[in-house]
Peer 1: 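Have a look at this one.
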Amino acid sequence: MKSPVASLLWRSLRIYQIFGANTDVGKTIFTTLLARTAKRLWRDEEITYLKPVSTGAEDEADDRHISRFAPGVSRHTLYQYDIPCSPHKAAIASGKSIPADEEFLSKCRDFAALCAAKDKGWLFMETAGGVHSPGPSGKTQADLYIPLRTPSVLIGDSRLGGISQTISAFESLRIRGYDVDHVLLFNDDVYENYKYLGEYFDKNYSIPVSSLLEPPKRHDNPRRDAEALEEYYSREDSGEVVSGVLEALKQSHCARLSNLDSMATRASQHIWYPFTQQSLVGPRDITTIDSAYGDFFQTLTPKSADGPIHDSAVLKSSFDASASWWTQGLGHANSKLTLAAAYAAGRYGHVIFASTIHQPAMLLAETLLKGMKNPRLNRVFYSDNGSTGMEVAIKMGLRATRKRYGWEVNQNLKILGLKGAYHGDTIGAMDCADPGIYNEKVEWYEGKGYWLDYPTVLCKHGKWSVTVADGLQETFGQGKSYKSLDDIFDVEAREERGEHKLYEEHIISTLQKCRERGVKFGVLILEPIVLGAGGMEFVDPLFQRTLVNVVRSSPHLFGEPVQRASEPANDLNEWTGLPVVFDEVFTGLYRLGRITPSTFLGVYPDISVHAKLLTGGLVPLCATIASENIYKTFLSPDKTDALLHGHSYTAHPIGCQVALESIQEMQAMDKQGEWDWARFQGWGGEQKRTKTVEVWSIWSHEFIKNLSKQTDRVVGAWALGTVLAIHLRDNAGAGYSSNVAIGLRDALSLEREGESGGPWNVHCRVLGNVLYIMGSQVSSETSVKRISELLTENLANH
């Protein structure tokens, strides 16, 4: 099985990538010196030169230069194109097949692995042209090589304009997460760039800069030219400088390994982890992450009890199956998001948002409102995370309800919601959930609401079913199987058949009883479609739709309005009954395949809350979006009537700019059909590619059906958008405290070798008896199939 590309790190192999600030700055000269000197200093070690891609005549290729002037150094070129131009043009002009980026990087890693198998040594990887010269596929090298996470040496430009060129090249690498361990350049006597750059890099980054005399001018006579170069390479002063550089690089390599090896132990001594009983966690249980790219972490493979194995990779690729607590949308280390953050940081840093406006916040608000296509929503309130964003929504809703029904400020208002819901960890958000594992031992918790139970959706025995728990069957019946998930989501057709009647009667009866007891509700809060932290419960969409419709059509169940609506009586966008809040922190922004899950229900919220995928997984930000008439509730000549809520970093420009980039990118992906490979893998029944598939997942329909048939282990499974949830059988019914999914989680975490690319595993989490796997919006078909096969194999064998 082909595995993802793991970063290049072995204990015995010191690998350095040689980048150039520009073309013709002496990359090959410096690399020759590094390799040649390393061979002299470490005679018993294998010194290797790799040119991943080379253009121009083969007899003038850089590896030939190495062969001639660095005897004893192994050299290799992966892709050689005879045309002397940029690799992307040379690849096309050559008529050869152009390698995909994954194939290209896998070959680089496979070659490095062969070098590591030879025990101790050095590997110098020389790039082509400048930092942003394209690779064979057209992706610039700065982006292309990110997954390899190779420490780098930057060859600076000693010519006119070289200071700017060198600093720009460095910043291009730095902003993409490269560690530049050394800068080398020629010390010409005219511009003396080396002096300025030496001070600059030492002062700002503590990066050493070393310089050497320029090589002799090229001679017309090949023999004399070779003699002059050999004399240049043999200079004692140059050898001393390069020896110092190599020793510094060696120490940097050792320091990186030492830091990685000790980090888990240091963390166990000083870090207080979230959602973790640390009495059960020791250094061996802590995963050390060196870097991340796309859907994968690069995680440490700890040294064995017998000591390090030199040719074993130090890092493995770990699929981020929790999407880093549900935040990842466009992949780790996404250059577009990184540059968006850098742009806003450079333009603004952070600026106060009280009665001010800046372009990122304005454009993001307009983009969100337009994208949601919710006629009720018109105002965007920014905060820093989903929990606080929910508290903002609660404040909005409670105030609107209190004023509508004329209740006193000290009136104890409740929220109406669903059992098992989770809206965050701040005290106010916790109070909106029924007692459970997240809040029952919190000293200030006061459950302030009533929570309805509900039927759920599962694929069981290969059939999609609305499942009714034993305690609800007297109320809702036995449940029902459907031909497809599409049929379950066809809520209007189900209403025409009267399937909502039992739901409606139960909800009305419950609300009447609550009113008779004197309960006053202030807001309805729903996680649309899926209750995430509550156990990945897939709620019957017809139940949620019916709940919203009952609340809106039955204002008499909540109170007698004393305040006229702020809009004309026939305004369909005016809230009635209770303000409806959709907590879309988890399920929104294409998590379930659509920009907003409200479209599954066919009802619009009066307030919606968005975080997690809002910034594509890069920085915290939350947007609470409200209707105009709820906004007007807070208008008054008295400042104390305002929504007095805010954070020091409200609408921070970096977050807003990144979110704008993220939303626009996902909208473009949707429009361009980037997920069509997933839509048409069995979802939508017999529908052809020409017809829109409304309900789909990156996890294939056939795979879900097969999972659900393993009835000895699996109660049921479901998939929607990027989310897969497997409900495992636990005869003890322990719920969140169940350990039944831990064995499967641990089996997935075992390191395994693939055909190419290096070791890998799956880093996932469980919610009681539920194991969930979550991709991102950029997960590849290959990765999804790989993990599907692994799950099938481990469920069968576990």
Peer 1: Strictly under 6.0 Å, is that where the ring centroids of Trp760 and Phe296 end up?
Peer 2: no
Peer 1: Counting only N and O atoms by type, is there a donor-acceptor contact under 3.5 Å from the side chain of Gln328 to the main-chain atoms of Leu618?
Peer 2: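 Answer holds: no.
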Peer 1: Could you walk me through whether Ser662 and Thr615 pass the side-chain hydrogen bond (donor to acceptor under 3.5 Å, both in side chains) test, one step at a time?
Peer 2: CA-CA 6 Å; Ser662 175; Thr615 62; over 6 Å; no
Peer 1: Compute the centroid of each ring, for Tyr348 and then for His652, and state whether the two points are separated by less than 6.0 Å.
Peer 2: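 No, the ring centres sit 6.0 Å or more apart.
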Peer 1: Could you grab the distance from atom OG of Ser383 to atom NE2 of His647, nearest 0.5 Å is fine?
Peer 2: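 Reported to 0.5 Å precision, the distance equals 5.0 Å.
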Peer 1: Decide yes or no for Leu148 and Leu105: does some side-chain heavy atom of the first lie under 4.5 Å from some side-chain heavy atom of the second?
Peer 2: yes
Peer 1: Mind checking whether Phe543 and His500 have ring centres under 6.0 Å apart?
Peer 2: no
Peer 1: Quick one: do Thr546 and Asn549 satisfy side-chain hydrogen bond (donor to acceptor under 3.5 Å, both in side chains)? Show the steps, please.
Peer 2: CA-CA 5 Å; Thr546 303; Asn549 286 338; 5.8 Å; no
Peer 1: How long is the gap from CG on Leu526 to OG on Ser608, to the nearest 0.5 Å?
Peer 2: 12.5 Å
Peer 1: Run the numbers on Thr596 and Thr599 for side-chain hydrogen bond (donor to acceptor under 3.5 Å, both in side chains), then give the verdict.
Peer 2: CA-CA 6 Å; Thr596 169; Thr599 57; 5.8 Å; no
Peer 1: Is the side chain of Ser324 donor-acceptor paired with the backbone N or O of Thr327 at a distance under 3.5 Å, no angle test?
Peer 2: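 Side chain of Ser324 to backbone of Thr327, a donor-acceptor pair under 3.5 Å: no, none is there.
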Peer 1: Flag this pair as yes if the NZ/CZ of Arg149 is under 6.0 angstrom from the six-membered ring centre of Tyr293 and inside a 45 degree cone about the axis; otherwise no.
Peer 2: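 Negative - Arg149 is either too far from the ring of Tyr293 or too far off its axis.
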Peer 1: Write down the atom of Pro375, the atom of Asn573, and the distance for their closest heavy-atom approach.
Peer 2: O-ND2, 3.4 Å
Peer 1: Looking only at atom types and distance, does a side-chain atom of Trp699 sit under 3.5 Å from a main-chain N or O of Thr722, one as donor and one as acceptor?
Peer 2: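 At least one qualifying donor-acceptor pair exists.
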Peer 1: Could you tell me which residues satisfy side-chain hydrogen bond (donor to acceptor under 3.5 Å, both in side chains) with Thr587, sequence neighbours excluded, listed by chain and number?
Peer 2: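 Expected list: none.
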Peer 1: Atom CE of Met372 and atom CG of Asn378: how far apart are they, to the nearest 0.5 Å?
Peer 2: 14.0 Å
Peer 1: Please report the closest heavy-atom contact between Ala321 and Cys764, naming both atoms and the distance.
Peer 2: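 Minimum heavy-atom contact is CB-CB, 3.6 Å.
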Peer 1: Is a side-chain donor or acceptor of Gln298 paired with a backbone partner of Ala292 at a separation under 3.5 angstrom?
Peer 2: no
Peer 1: Do the side chains of Asp490 and Lys483 get close enough for a salt bridge, i.e. N-O under 4.0 angstrom?
Peer 2: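 So Asp490 does not pair with Lys483 through a salt bridge.
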Peer 1: Examine Arg379 relative to Tyr631 and say whether NZ or CZ is less than 6.0 Å from the centre of the six-membered ring and inside a 45° cone about the ring axis.
Peer 2: yes
Peer 1: Would a distance-only check, ignoring hydrogens and angles, find a side-chain to backbone donor-acceptor pair under 3.5 Å from Asp670 to Met666?
Peer 2: no
Peer 1: Set out, in order, the CA-CA distance, both residues' side-chain angles and the distance that settles side chain to side chain contact (heavy atoms under 4.5 Å, CB included) for Leu791 and Leu771, then state yes or no.
Peer 2: CA-CA 11 Å; Leu791 275 166; Leu771 182 135; 4.1 Å; yes
Peer 1: Does any N or O in the side chain of Trp675 come within less than 3.5 Å of the main-chain N or O of Gln777, such that one atom is a donor and the other an acceptor?
Peer 2: yes
Peer 1: How many angstroms lie between atom CG of Leu767 and atom CG of Leu531, to the nearest 0.5 angstrom?
Peer 2: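 These two atoms lie 11.5 Å from each other.
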Peer 1: Mark yes when over 12 heavy atoms from residues, nucleotides or ligands other than Lys373 sit less than 6.0 Å from its NZ; otherwise mark no.
Peer 2: no
Peer 1: Treating His132 as the side-chain partner and Ala169 as the backbone partner, does any N or O pair qualify as donor plus acceptor under 3.5 Å?
Peer 2: no
Peer 1: One pair to check against side-chain hydrogen bond (donor to acceptor under 3.5 Å, both in side chains): Ser318 and Thr299. What are the steps and the verdict?
Peer 2: CA-CA 7 Å; Ser318 298; Thr299 60; 2.7 Å; yes
Peer 1: Compare all side-chain heavy atoms of Lys460 with those of Thr467 and state whether any distance is below 4.5 angstrom.
Peer 2: yes
Peer 1: Less than 6.0 angstrom separating the ring centers of His350 and Tyr649, yes or no?
Peer 2: yes
Peer 1: If you measure from the Lys or Arg side-chain nitrogens to the Asp or Glu carboxylate oxygens, is any gap between Lys785 and Glu789 under 4.0 Å?
Peer 2: no
Peer 1: How about Leu601 and Val491: do any of their side-chain heavy atoms sit closer than 4.5 Å?
Peer 2: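 They are not in contact (no side-chain heavy atoms under 4.5 Å apart), so the answer is no.
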Peer 1: For residues Phe297 and His763, establish whether the separation of their ring centroids is below 6.0 Å.
Peer 2: yes
Peer 1: Under the side-chain hydrogen bond (donor to acceptor under 3.5 Å, both in side chains) rule, collect the residues that match up with Tyr772, sequence neighbours excluded.
Peer 2: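 With sequence neighbours excluded, Tyr772 shows a side-chain hydrogen bond (donor to acceptor under 3.5 Å, both in side chains) to Trp326, given in chain and number order.
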Peer 1: Please walk me through it: do Ser697 and Trp683 pass side chain to side chain contact (heavy atoms under 4.5 Å, CB included)?
Peer 2: CA-CA 8 Å; Ser697 174; Trp683 298 101; 3.6 Å; yes
Peer 1: I'd like to know if the side chain of Arg109 and the backbone of Ala6 have a donor-acceptor N/O pair within less than 3.5 Å.
Peer 2: yes
Peer 1: Which heavy-atom pair separates Pro605 from Glu584 by the least distance, and what is that distance?
Peer 2: CG-OE2, 4.5 Å
Peer 1: Where is the tightest heavy-atom contact between Ser291 and Ile289, given as atom of each residue plus distance?
Peer 2: O-CG2, 3.3 Å
Peer 1: What's the spacing between Leu458 CG and Trp718 CH2 if we round to 0.5 Å?
Peer 2: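 Between Leu458 CG and Trp718 CH2, I get 9.5 Å after rounding to 0.5 Å.
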Peer 1: Verify the distance criterion only: is there a donor paired with an acceptor across the side chains of Arg174 and Tyr178 at less than 3.5 Å?
Peer 2: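 No, no side-chain donor-acceptor contact under 3.5 Å.
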Peer 1: Enter the distance from Glu527:CD to Gln544:CD here, rounded to the nearest 0.5 Å.
Peer 2: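 Rounded to the nearest 0.5 Å, the CD-CD separation comes to 9.0 Å.
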Peer 1: Okay, side chain of Thr624, backbone of Gly389: is any donor-acceptor separation there less than 3.5 Å?
Peer 2: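 Checked: pair present.
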Peer 1: Taking the side chain as every heavy atom from C-beta outward, state whether Tyr145 and Phe104 have any pair of such atoms under 4.5 Å apart.
Peer 2: yes
Peer 1: Would you check, one step at a time, whether the test side chain to side chain contact (heavy atoms under 4.5 Å, CB included) holds for Thr367 with Leu660?
Peer 2: CA-CA 7 Å; Thr367 299; Leu660 179 64; 3.3 Å; yes
Peer 1: Can a salt bridge be assigned to the pair Arg594 and Glu694 using a cut-off of 4.0 Å between side-chain N and carboxylate O?
Peer 2: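 Yes, charged N to carboxylate O under 4.0 Å.
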Peer 1: Please walk me through it: do Glu495 and Arg545 pass side chain to side chain contact (heavy atoms under 4.5 Å, CB included)?
Peer 2: CA-CA 10 Å; Glu495 279 181 341; Arg545 173 183 168 91; 2.8 Å; yes
Peer 1: Testing the basics here: between Pro360 and Gln657, what is the closest heavy-atom pair and its distance to 0.1 Å?
Peer 2: CG-OE1, 3.3 Å
Peer 1: Would you confirm whether Ser86, through its side chain, and Lys89, through its main-chain N or O, come within 3.5 Å as a donor-acceptor pair?
Peer 2: no
Peer 1: Salt bridge or not for Asp143 and Lys336, using N-O below 4.0 Å?
Peer 2: no
Peer 1: How close do Val770 and Gly535 get, counting heavy atoms only, and between which atoms?
Peer 2: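 Smallest heavy-atom distance, with atoms named: CG2-O, 3.5 Å.
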Peer 1: Please name the residue in the list Phe489, Trp464, Tyr454 that meets the ring-ring contact (aromatic ring centres under 6.0 Å, His included) test with Phe538.
Peer 2: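 Going through the options one by one, the only one that passes is Phe489.
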